Undergrad: 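I'd like to ask some things about the structure below.
Letters A, B, ... are given to chains in the order of the sequence lines, protein chains preceding strands, and every chain is numbered from 1. This one's a predicted model, so the numbers in the text were calculated from it and none came from an experiment.
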Protein chains: 2
Amino acid sequence: MVAMTTAARKTTNPETGRDRILREAAELFLTRGYAETSLRTIADAVDMQPASIYHHFESKDALLTEILEIGMEAVTTAFAAAAAELPPNASAPDRLHAHVAAHLEALFSHHAFTAAHVTVFPFAPAEVRAATVPKRDAYEANWTALLSAIAPGLDDDGVSIARLALFGAMNSTVQWFDPANGSTSDLAAAIVGPLWNGLANS
Amino acid sequence: MVAMTTAARKTTNPETGRDRILREAAELFLTRGYAETSLRTIADAVDMQPASIYHHFESKDALLTEILEIGMEAVTTAFAAAAAELPPNASAPDRLHAHVAAHLEALFSHHAFTAAHVTVFPFAPAEVRAATVPKRDAYEANWTALLSAIAPGLDDDGVSIARLALFGAMNSTVQWFDPANGSTSDLAAAIVGPLWNGLANS
DNA sequence: GTCTATATCTTGATAGAC
DNA sequence: GTCTATCAAGATATAGAC
């Protein structure tokens, strides 16, 4: 059970059997749920026998854990990349838009992995959740810092509520937004615009 | 398999064995997930044998269907009640706050039933989802009408996105808000305030 | 690294006594 | 209306050949 980093995984092209299992399983967990998806179903999707999966992953839980970790790495990397690309003197609404767009783009480009985080995580077995919590906390801290900086009038509770409500709004998009109908950047603008200026001005 | 309305159910006090099953099952589905919760677990929670549950519900799916229906009735009733209580000349932000507060209040007072709607519905068996969709659509139409009225500057797409993002924000509260830490009305104000006036002014 | 075969357990659901 | 007893199916996981 070797735990590779995303970097190591990315240099290992092309897609291995192991990667294929991860990808198909993530897709199935996302659409059907974790407990609802059997190893037989996953095995069918990758044209293997159920037993063969155990050569790559020690258990179904370990498979889910790795999927969730990949998803959290994707949004964390996207957040850092967006910060690096912003001009130093970017305005507050521009910064907000850049990070919302980055989150949404990661949500849809690594769709199965990141979206599984949104919908599957709450019902994952306790051990699986516990293994993923530290990375989630670190990512949330990025957002707390961002919102504090751009909305200095909010107190700590206000920042918390704003962050959680914004997460709720962004993450719910996996259940209703179709990237075929527009770019994630436009979607980000449609969310950030009314949020920044207020519905009062819309 | 008699399908009672909420009204009929409410006049049938006190809590029957059947009601107890509904309540405990809703709680378990919410916290552990539907597929993750066995009938044996539900039976334990109500101090019965698994077989006894089948006297009240014809299947596990039927039990979930009824739970989801109760939840949707609760928010629909709350929306109508909030509309009825508003003065005819209430301001747009007051109307928005009243309905957000009503939704949140219903979410937490009928917590297990309405929150199950948020988290369990996406993974419910297809037949269960199909049975509940019409009531969900009707409820959503209420919000579309409300948002169109109070933010006339938004086009249809803008209204849709605003509604979905707001739903995402409101419904995510079941995963992080604790009613012991404040009233749902205050929570509604904390969400509606920045949303209405804009983060730019916060 | 993938297979066949199978062990072991848990699941939703049923039969029938009381 | 609740029970005991049980079934048939499906689950995760393992053993060992190739």
Undergrad: So that I know where these two stand, are A:Trp143 and A:Phe79 an aromatic pair - ring centroids less than 6.0 Å apart?
TA: yes

Undergrad: Using a 3.5 Å distance criterion without hydrogens, assess whether the side chain of B:His117 forms a donor-acceptor pair with backbone atoms of B:Leu68.
TA: yes

Undergrad: I need the CD-P distance between A:Glu36 and C:dT11, as an integer number of Å.
TA: 14 Å

Undergrad: Over how many whole Å does the gap from B:Arg32 atom CZ to C:dT10 atom P extend?
TA: 14 Å

Undergrad: Just how far, in rounded Å, is C1' of C:dT11 from CG of B:Asp44?
TA: 14 Å

Undergrad: Any base atoms under 4.0 Å from B:Thr37, or only sugar-phosphate, or nothing? Heavy atoms, all strands.
TA: sugar-phosphate

Undergrad: Please state how far atom CD1 in B:Ile42 lies from atom P in C:dT10, giving the value in whole angstrom units.
TA: 17 Å

Undergrad: What does nucleotides 13-18 of chain C look like as a protein-contact string, B for base, S for sugar-phosphate only, - for none, at under 4.0 angstrom between heavy atoms?
TA: BBB---

Undergrad: Counting just side-chain N and O atoms, does B:His55 come under 4.0 Å of either OP1 or OP2 of D:dG1?
TA: yes

Undergrad: Rounded to whole angstroms, how far apart are CZ on A:Phe57 and C1' on D:dT14?
TA: 18 Å

Undergrad: Using only atom types and a distance under 3.5 Å, with no angle test, would you say the side chain of A:His97 pairs donor to acceptor with the backbone of A:Ala92?
TA: no

Undergrad: Once you round it to whole Å, what is the distance between P of C:dG1 and NE2 of A:His56?
TA: 6 Å

Undergrad: Side chains of A:His103 and A:Tyr139: is there a donor and an acceptor less than 3.5 Å apart?
TA: yes

Undergrad: Would you compute the distance between atom CG of B:Leu166 and atom OG of A:Ser172 and round it to the nearest 0.5 angstrom?
TA: 9.5 Å

Undergrad: From A:Met170 CE over to A:His99 NE2, what is the distance, rounded to the nearest 0.5 angstrom?
TA: 10.5 Å

Undergrad: Would one find a side-chain N or O of B:Ser38 under 4.0 angstrom from OP1 or OP2 of C:dT10?
TA: no

Undergrad: Given atom CD1 of A:Ile21 and atom P of C:dG1, what is their separation to the nearest angstrom?
TA: 11 Å

Undergrad: For the residue pair A:Phe108 and A:His111, does the interplanar ring angle fall in the parallel (under 30°), tilted (30 to 60°) or perpendicular (over 60°) class?
TA: parallel

Undergrad: Using whole Å, report how far CE of A:Met48 lies from P of C:dC3.
TA: 7 Å

Undergrad: Under 4.0 Å, heavy atoms only, any strand: does A:Ser52 hit a base, just the sugar-phosphate, or nothing?
TA: base

